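Naming: A, B, ... by sequence-line order, numbering from 1 per chain. Bear in mind the structure is a predicted one, so any value in this text is a computation, not a measurement.
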Amino acid sequence: QGTETGGFRNSDPDAPVEVTSDRLDLARAEGTALFTGNVLAVQGDMRLTAQWVLVTYLLNPDGTLGDDIDTITARDDVLLITPEEAAEGNEAIYTPLTNSVVMTGDVLLTQGGNTVAGDRLIVDLETGLGEVQGRVRTVLQPGTDEDQ
Amino acid sequence: MSAGRRYTQAVVATKYMLPLIALGLLSTLVFLARSQPEGEPLRFVDQTIEDLAKTQRLGTPRYSAVTDDGGELSITAEILVPDTARDHVTLGETMAATLAMPDGVFYDMTADHGELDEPAMRSTLRDNVVVVSSDGAVLRTDALRLRNDRSYLETLAPVQIDGPNWWITSDRMEIFTDPKDEMQTRTVFTGDVRLLYTP
């Protein structure tokens with residue numbers, strides 16, 4: 001049983017991605033770029049913050065570095081923020097080709113006033129639909145306006 | 001009879017006198033000849049001699065080394081001049097260097113000034129440093145340093161790199177081979193790293 005959300009639409013997957021961090025390690029042969037330390041990635045109105053973000057590029061058949069990103073994996077204090085929603089978790093994997101994000105580990109999804117917790121959050125950035133799965137429970141914020 | 005005798009004395013005198021006169025002429029000639037070349041200074045422009053002696057200039061020399069981990073480094077300069085203040089340190093103008101990493105990636109570098117420090121096995125490029133990598137990225141910084149014994153490059157000033165569809169800026173950058181696997185080239189940016197990627 002999951003909870004549908006609708007606020008994660010990635011308005012422009014082709015928008016430029018800006019990433020800032022304390023450190024960046026590029027490993028050519030493996031086609032990886034590892035950002036560590038206060039990592040902030042911004043694309044359009046989507047923001048992802050974490051302490052560790054690994055970008056793996058698709059390698060061309062001849063082994064040279066491709067231009068397309070295969071996956072972006074974020075770990076440690078992962079927070080995905082869009083204008084309407086915020087999702088926290090231990091790890092998030094963003095796959096541009098399928099335009100989807102899978103977040104795992106103590107996932108907390110906040111939308112407006114209420115928060116949903118679960119083991120996994122699967123977000124389809126095209127439709128903006130997100131589904132929290134596994135031990136889903138809704139956490140009411142004590143003392144929020146809805147209680148009055 | 002006396003006239004006859006007087007005639008023969010004259011002939012005898014000339015027979016002796018003429019060779020002596022000839023001998024005398026010959027010796028003065030030789031004497032004169034010997035002194036003439038020593039006195040004439042060789043005609044050279046004094047300025048070039050001093051210049052050469054003082055600065056020991058080398059025109060477009062090339063320094064190259066194979067590094068321990070199998071890379072190749074070569075450095076050349078339009079002018080290399082020994083640093084008068086420090087031994088075995090050479091200062092260069094209009095530098096060009098190439099670093100080929102073991103995995104085949106190479107970097108062509110140019111800079112206005114450079115310094116080759118033999119004892120420390122290090123070379124430094126300064127002012128207007130531009131590095132073009134074999135995969136099309138162009139790096140700009142004010143100073144970078146190379147090691148003569150390892151395939152290693154580190155910038156000594158903030159760096160900006162422009163790639164095909166991305167650019168990166170950071171306070172510092174290092175390029176080196178992975179200690180565990182020399183065929184792996186690693187590039188590390190540290191300090192205020194910013195990357196803009198346009199898909």
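Proximity to chain B (any heavy atom under 4.5 Å) is restricted, for A/Asp22, to the backbone atoms N, CA, C and O. For B/Ile175, no part sits under 4.5 Å from any heavy atom of chain A, backbone or side chain. A/Ala33 does not touch chain B: none of its heavy atoms, backbone or side chain, sits under 4.5 Å away. Contact of B/Thr190 with chain A is made through backbone and side chain together, with heavy-atom distances under 4.5 Å.
Comparing A/Val42, A/Leu40, A/Leu26 by how many heavy-atom pairs each has under 4.5 Å with chain B, the most go to A/Leu26. Contacts with chain B were tallied for A/Pro16, A/Ser21, A/Gly37; A/Ser21 has the most, counting heavy-atom pairs under 4.5 Å.
Between B/Ser123 and B/Asn148, the closest side-chain pair of non-hydrogen atoms falls below 4.5 Å. Within the 4.5 Å cutoff, side-chain heavy atoms of B/Val159 are placed close to those of B/Leu139. Taking the side chain as every heavy atom from C-beta outward, B/Phe176 and B/Arg147 never approach each other to under 4.5 Å. Side-chain atoms of A/Gln51 and A/Asn38, non-hydrogen and from C-beta on, do get closer than 4.5 Å to each other.
The nearest pair of heavy atoms linking A/Ala50 to A/Ala74 is CB-CB, 3.9 Å.
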